[in-house]
**Student:** 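Below you'll find the structure I mean.
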Amino acid sequence: MEPITRNTFDELMRYRGWPCVSVYLPTHAGGFEGQAGRVRLKNLLVEAEERLVARGIRPVEARDFLVPANKLVENEAFWKDQTDGLAVFVSPEATRAFYLPIAVNEVAVVNTRFHVAPLMPLVAEDTEHYIVAVSENRVRLLKADRWQAREVAVPNLPANAAEALHYDHPTDTRQYHTALLGRGTTKLGAYHGSGDFFEQEKEELLEYFRVVDRALHPALRGEHAPLVFVGVDYLFPIFQQANTYPHLAESHVHGNPDAWTDRQLHEKAWECITPQLAGPGQKALARYENLPGDGWRSDDMRVILNAAHQGQVETLLVDVGQPVWGKWNERRLRLDEQRRDDSDDMVDLAIVETLTRKGTAHPLSSSQLKQGKPCQAIFRYELPTSAR
């Protein structure tokens with residue numbers, strides 16, 4: 001199943017039609033609790049059907065409209081590969097489902113567009129990076145973001161050191177040399193007392209990494225994402241010498257990666273690369289707090305929606321964890337303590353209005369934003385008093 005990319009997000013956000021149904025629910029990675037997931041989805045689709053009818057669609061038409069989505073409930077294969085969340089989007093043209101690598105709250109929304117706020121954490125920050133894991137026995141390249149990592153098939157990438165150095169029938173000495181690649185410490189002096197040994201081993205490693213680099217070069221051509229090296233400590237400076245990719249991360253993950261799964265590699269690499277990737281949302285929040293007055297910023301939902309609709313919001317800080325139900329029309333805002341049949345999510349609307357007019361949006365936690373204020377906006381220019 002295709003992942004949620006920025007292009008997919010933009011496609012969903014820009015779609016307009018009637019009706020559009022968006023359903024989100026938490027699931028469980030590995031296919032556990034499959035029955036609970038089915039029950040959740042079935043109940044949410046019943047709710048969506050009721051909301052369609054409340055919005056003026058005949059019951060039989062609402063039921064027929066959701067038939068493709070309801071087929072997912074009984075699809076055995078569909079429930080075997082679940083992750084942490086599920087999103088289902090139904091329009092007159094198609095029904096699309098996405099496994100999500102993040103947990104989401106249960107919600108069913110009917111509108112003339114899709115509900116996209118819960119997807120913001122997947123696309124808001126540029127967290128893409130690559131991982132190259134190297135040992136004597138194995139070489140892997142993985143493409144990753146904050147949420148997941150997948151191994152990339154790379155033409156001409158050697159399977160291991162022996163293949164790279166063409167040691168089909170290595171001597172004992174050669175075998176010992178390449179075996180050093182997977183160890184955190186070595187006992188070179190105990191095996192050979194000559195300084196030539198160290199130089200020979202280094203040249204072998206350097207040649208091995210040059211072969212790896214030549215294979216990676218076309219796979220990474222034109223990319224700007226950082227590359228994280230995973231391997232024992234003494235290999236990293238040698239890999240740096242062989243590397244020609246300009247975005248190799250300065251820090252690396254130490255250890256023999258042979259026994260690590262893709263998930264473990266991802267967790268270790270993310271911890272390593274976080275300081276380099278993290279920051280846009282935090283920087284925007286600090287900027288918001290340092291602005292001189294309400295003419296340049298606001299946490300008032302009515303002001304934000306009006307400004308976003310006029311293309312005046314430069315940066316939006318949002319808590320996407322909980323919808324704020326209400327209705328906005330012609331600069332007038334109604335907030336609903338209880339969700340009504342015609343209620344829309346004002347947080348979602350603020351995101352859509354901002355992004356479609358070339359603003360930026362950063363999802364933050366409720367603890368990071370002002371208490372009780374799910375949206376905070378920075379304006380492109382100072383708003384007149386009448387617009388506040």
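Remember, predicted model here, so these are calculated numbers, not experimental data. Any value given below was found using the heavy atoms of this structure, including those in side chains, with hydrogens, waters and symmetry copies removed.
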**Student:** Between Leu235 and Phe229, does the side-chain contact (heavy atoms from CB on, under 4.5 Å) criterion hold? Intermediate values first, please.
**Tutor:** CA-CA 10 Å; Leu235 297 179; Phe229 176 85; 4.0 Å; yes
**Student:** Should the pair Arg6-Asp10 be classified as a salt bridge under the 4.0 Å nitrogen-to-oxygen rule?
**Tutor:**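 Salt bridge present between Arg6 and Asp10.
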**Student:** State plainly whether the residues Glu353 and Lys358 are in salt-bridge range, i.e. N to O under 4.0 Å.
**Tutor:**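 Judged by the 4.0 Å cut-off on N to carboxylate O distance, Glu353 and Lys358 do not form a salt bridge.
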**Student:** With a 4.5 Å cut-off on side-chain heavy-atom distances among I, L, V, M, F, W and Y, is there a chain of contacts connecting Leu25 to Leu119?
**Tutor:**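 Each belongs to a different hydrophobic cluster.
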**Student:** Using only atom types and a distance under 3.5 Å, with no angle test, would you say the side chain of Thr27 pairs donor to acceptor with the backbone of Thr83?
**Tutor:** yes
**Student:** Is there a side-chain contact between Val320 and Pro121 (heavy atoms, below 4.5 Å)?
**Tutor:** yes
**Student:** Taking the side chain as every heavy atom from C-beta outward, state whether Val21 and Phe65 have any pair of such atoms under 4.5 Å apart.
**Tutor:**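 Yes; the side chains approach each other to less than 4.5 Å.
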**Student:** For Glu93, is the CD atom crowded, meaning more than 12 foreign heavy atoms sit under 6.0 Å from it?
**Tutor:** yes
**Student:** Do Phe239 and Tyr245 have their ring centres less than 6.0 Å from each other?
**Tutor:** no
**Student:** Has Asp345 got a side-chain atom pairing as donor or acceptor with Trp325's backbone, closer than 3.5 angstrom?
**Tutor:**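 Such a contact is absent between Asp345 side chain and Trp325 backbone.
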**Student:** With side chains defined as the heavy atoms from C-beta onward, is the minimum distance between Val73 and Asn75 less than 4.5 Å?
**Tutor:** no
**Student:** Assess whether side-chain contact (heavy atoms from CB on, under 4.5 Å) is satisfied between Leu383 and Trp296, documenting all intermediate values.
**Tutor:** CA-CA 7 Å; Leu383 297 186; Trp296 290 97; over 6 Å; no
**Student:** Would the distance check show the side chain of Asn105 and the main-chain N or O of Gly321 forming a donor-acceptor pair, the cut-off being under 3.5 Å?
**Tutor:** yes
**Student:** Are any of the side-chain heavy atoms of Val60 and Arg63 separated by less than 4.5 Å?
**Tutor:** yes
**Student:** Parallel, tilted or perpendicular: which describes the rings of Trp270 and His129, with under 30° parallel and over 60° perpendicular?
**Tutor:**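 Trp270 vs His129 ring planes: tilted.
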**Student:** If Ile, Leu, Val, Met, Phe, Trp and Tyr residues are connected whenever their side-chain heavy atoms lie under 4.5 Å apart, and connections chain through other members, are Val347 and Val104 in the same group?
**Tutor:**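 Yes, it is one cluster - the side chains of Val347 and Val104 are joined through contacts under 4.5 Å.
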**Student:** If hydrophobic clusters are built from ILVMFWY residues whose side chains come within less than 4.5 Å, do Val324 and Val313 share one?
**Tutor:** yes
**Student:** Yes or no on side-chain hydrogen bond (donor to acceptor under 3.5 Å, both in side chains) for Thr127 and Asp145, after CA distance, side-chain angles and deciding distance?
**Tutor:** CA-CA 5 Å; Thr127 61; Asp145 56 23; 5.1 Å; no
**Student:** Closer than 3.5 angstrom, by distance alone: can the side chain of Gln276 be matched with the main-chain N or O of Cys272 as a donor-acceptor pair?
**Tutor:** no
**Student:** Establish whether Leu227 and Val139 are linked, either directly or via other cluster members, by ILVMFWY side-chain heavy-atom contacts under 4.5 Å.
**Tutor:**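 Yes; tracing contacts between hydrophobic side chains, which count when under 4.5 Å, links both residues.
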**Student:** With respect to Glu314, which candidate in Arg287, Arg380, Arg357 satisfies the side-chain hydrogen bond (donor to acceptor under 3.5 Å, both in side chains) definition?
**Tutor:**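 Among Arg287, Arg380, Arg357, the one meeting side-chain hydrogen bond (donor to acceptor under 3.5 Å, both in side chains) with Glu314 is Arg287.
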**Student:** Considering residues, nucleotides and ligands other than Glu106, do more than 12 of their heavy atoms fall under 6.0 Å from its CD?
**Tutor:**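 For Glu106, atom CD is crowded (more than 12 foreign heavy atoms under 6.0 Å).
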**Student:** Would you find a donor on one side and an acceptor on the other, under 3.5 Å apart, between the side chain of Asn160 and the backbone of Glu136?
**Tutor:** no
**Student:** Validate the cation-pi geometry between Arg96 and Phe89: distance from NZ or CZ to the six-membered ring centre under 6.0 Å, angle to the ring axis within 45°.
**Tutor:**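 No cation-pi geometry.
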**Student:** Ignoring hydrogens and geometry, is there a side-chain-to-backbone donor-acceptor pair from Asp336 to Gln338 under 3.5 Å?
**Tutor:** no
**Student:** Any sub-3.5 Å donor-acceptor pair from Arg140's side-chain atoms to Ala133's backbone N or O?
**Tutor:**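 Side chain of Arg140 to backbone of Ala133, a donor-acceptor pair under 3.5 Å: no, none is there.
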**Student:** Under 4.0 Å between a Lys/Arg side-chain N and an Asp/Glu carboxylate O for Lys370 and Asp299?
**Tutor:** yes
**Student:** Answer with yes or no whether the side chains of Ser365 and Gln368 bring together a donor and an acceptor at under 3.5 Å.
**Tutor:** yes
**Student:** Flag yes if more than 12 heavy atoms outside Arg16 fall under 6.0 Å of its CZ atom; otherwise flag no.
**Tutor:**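 Result for CZ/Arg16: enclosed.
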**Student:** Are any non-hydrogen side-chain atoms of Leu335 and Met346 less than 4.5 angstrom apart?
**Tutor:** yes
**Student:** Which value, rounded to the nearest 0.5 Å, describes the distance between Cys20 atom SG and Phe114 atom CZ?
**Tutor:**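 The SG atom of Cys20 sits 4.0 Å away from the CZ atom of Phe114.
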**Student:** Any side-chain to backbone donor/acceptor pair from Gln264 onto Thr261? Under 3.5 Å, distance only.
**Tutor:**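 Checking the backbone N and O of Thr261 against the side chain of Gln264, a donor-acceptor pair under 3.5 Å is found.
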**Student:** Under 6.0 Å between ring centres: does that hold for His309 and Trp328?
**Tutor:** yes
**Student:** Decide, yes or no, whether a salt bridge links Arg339 with Glu47 under the criterion of side-chain N to carboxylate O below 4.0 Å.
**Tutor:** yes
**Student:** Taking the side chain from Glu163 and the backbone from Ala159, do they hold a donor-acceptor pair closer than 3.5 Å?
**Tutor:** yes
**Student:** Decide yes or no on side-chain hydrogen bond (donor to acceptor under 3.5 Å, both in side chains) for Asn137 and Asp258, but give the supporting numbers first.
**Tutor:** CA-CA 7 Å; Asn137 300 310; Asp258 280 359; 3.2 Å; yes
**Student:** So, are Asp300 and Lys373 salt-bridged, with charged N and O less than 4.0 Å apart?
**Tutor:** no
**Student:** Does the pair Asp344/Lys327 count as a salt bridge with the N-to-O cut at 4.0 Å?
**Tutor:**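 Here Asp344 pairs with Lys327 in a salt bridge, since their nearest N and O are under 4.0 Å apart.
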**Student:** Could you give the distance from CG (Leu285) to CD (Gln282), rounded to the nearest 0.5 Å?
**Tutor:**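 With rounding to 0.5 Å, CG (Leu285) is 6.0 Å from CD (Gln282).
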**Student:** Under 3.5 Å, is there a donor-acceptor pair between the side chain of His252 and the main chain of Phe236?
**Tutor:** no
**Student:** Does a side-chain N-to-carboxylate-O contact under 4.0 Å join Asp342 and Arg334?
**Tutor:** yes
**Student:** Looking at Arg263 and Glu267, is any side-chain nitrogen of the basic one under 4.0 Å from a carboxylate oxygen of the acidic one?
**Tutor:** yes
